[in-house]
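Working notes for the structure below.
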Amino acid sequence: MKIVVLVKQVPDSGSERSLRADDGTVDRASASNVINEMDEYAIEEALKIAEAQGGEVTLLTMGPDAATESIRKALSMGPDGAVHVTDDALHGSCALGTSKVLAAALRTLEFDLVLCGAESTDGRTQTMPHMLAERLGVPALTGARKLTVEGSTLTVERQTDEGYEVVQATGPAIVSVWDTINEPRYPSFKGIMAAKKKPIATKSLADLGVEAGEVGLAGATSKVLSSAKRPARSGGQKVEDSGNGGADLVAYLSAEKFV
Amino acid sequence: MVDFKLSDEHEALRQTVREFAAKEIAPVIGDYYERHAFPYEIIAKMGEMGLFGLPFPEEYGGMGGDYFALCLALEEIARVDSSVSITLEAAISLGAMPIYRFGTEEQKKQYLPDLLSGRKLAAFGLTEPGTGSDAGGTMTRAELSEDGTEWIINGSKAFITNSGTDISTLVTVTAVTGIKENGKKEISSIIVPHGTPGFTVAPGYSKVGWCASDTHELTFDNVRVPVGNLVGEQGRGYAQFLRILDEGRIAISALAVGLAQGCVDESVKYAKERHAFGQPIANYQAVQFKIADMELRAHTSRLAYYDAAARMLAGEDFKRQAAIAKLYSSEAATTSARECAQIHGGYGFMNEFPAGRFYRDAKILEIGEGTSEVQRMLIARDLLS
């Protein structure tokens, strides 16, 4: 089985993140960049399937040159190789533009299954699997908390607010996963050393036959007009106990609907 | 040109282990420590990521890394917790390493795959109730049976790490197997599998620190094992464990550096959060100087063990540098742990804070695998001989 996993390098959600003042895009230069957390679960799921049924796992990343670092790290978990789409004209691509590029790259690869994280911690649109499915004419099973692969039949438990739905499709298909699906492995030293020798194919927009003007800031269908930092937290409410502190606490908690 | 910059692979390993320690060890280890319980769940996860096979070749199930890779892992784990770090250190450098270095091909094939995957643990029985640093004072005896097919072992061993867990599988014991021509004891190393009749593991010690690690006294009462359980040549036991201890000192130094760096981490965090007299205590020079000195000790100790490890890997003599690294970093760790507890005030005396654990865990570093006095003796002997 040939599996492609979409991997995105994002600014670490655990540290201070910001948008660039000049064009409103994510500021990557001043951030510590990591693999999008949810993508690690997609990689783990791909590796588990390949280990159980045989197969090949390829990573696909669109991002600046510096994303190579995250690709190597992802490769150290065990995938066989990676495709890195990088081009100066990609800077500032919106979700639609990104899906155009990723779809073009996927057309150059053979796949039975495309796995991705249910969302990225920077864009958070959750739309990529749907857009790619539309462009490639394949089904999308999104938000999986469980995936079963039997031949070309893919069965997914789709996580919802109320519980889950069981949905099924015939591959090739795109499946996005939540962090409830598995526990990603830590790379071993053998994996780290092997990752150094694994192939990373670099592709430009020209290689994929995508016009520069259709993507990037120039081709973006949405634009950040202005942005503001989240206001600092207010001091909260202090309850002084002068005999009825308990009652005041309960009053506050029930007013805020905590109890 | 001198260069202490890590290779990309070593740096990636260090970061991976740091992440593992922060996510998988730090949140739960306090509870194991409090209960004096062995953290099987953590050990299993470390096995899955290949940490127990770090410095061994792939043919035996190892990761194909080097001893320096092991040291980096020990340092990053000890930055969060020493019990887990010493469990890994002892499992590799005392448990699997003697078999890998001196064992027969058959012994390696039989034991190493389980040990290098972390599924099983091996221990090394050198220290005895009446003899520690003076390893030549070994009292445990091993005699050949009349038909020459078995060793019959009698004696006891003390403070043996990883010897009594549910996954402990063997202990390599040093025993007197005769008297040499010069009148000194002939010492050999022999593998004793757990479950061999007459081999008893005493209940765990009540320890001041390293409370989530496994330590026992072992007794051998007419324990019979096949002659084939001899590790390496008969009479080479003394030379073997000297080599094992020399290497082990670099590993213990890495562990001590981890603890010293953990003291910096915790102190920096606490000093910024804790307010006294209207401002964070980090604003006071008394605290700043303590933290600066702690970082100084961690940094210089690290350079010392990097140097010793580099010499060892280059095949050079590293005895003196390993002794220097072990001595300096263990004293750095105890000093920094004391200062870290001081910065934490009352909380530094509470087991629930890492600072309290660091304080309890540091002292043994000046004692185990060669006391500070023995290190000074080795350094002086090397200079004066």
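Residue numbering restarts at 1 for every chain, and letters A, B, ... go by the order of the sequence lines. Scope of the values below: all heavy atoms of this structure, side chains included, with no hydrogens, waters or symmetry mates.
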Applying the side-chain contact (heavy atoms from CB on, under 4.5 Å) criterion to A:Phe189, which one of B:Leu13, B:Leu70, B:Leu51 satisfies it?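 Result: among B:Leu13, B:Leu70, B:Leu51, B:Leu13 is the only option passing the side-chain contact (heavy atoms from CB on, under 4.5 Å) with A:Phe189.
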
Please look at B:Ala12 and chain A and tell me whether the side chain, the backbone, both or neither of the residue comes under 4.5 angstrom of a heavy atom of that chain.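 For B:Ala12, the contact with chain A is made by backbone and side chain together.
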
Is atom CD of A:Glu150 surrounded by more than 12 heavy atoms (other residues, nucleotides or ligands) closer than 6.0 Å?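 Not more than 12 within 6.0 Å, no.
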
Does a sphere of radius 6.0 Å around CZ in B:Phe4 hold more than 12 heavy atoms from other residues, nucleotides or ligands, not counting ones at 6.0 Å or beyond? yes

May I have a list of the donor-acceptor pairs under 3.5 Å that connect chain A with chain B?
| unit_1 | atom_1 | unit_2 | atom_2 | d |
| --- | --- | --- | --- | --- |
| A:Lys73 | NZ | B:Glu19 | OE1 | 3.1 |
| A:Tyr186 | OH | B:Glu24 | OE2 | 2.8 |
| A:Lys196 | NZ | B:Glu9 | OE2 | 3.4 |

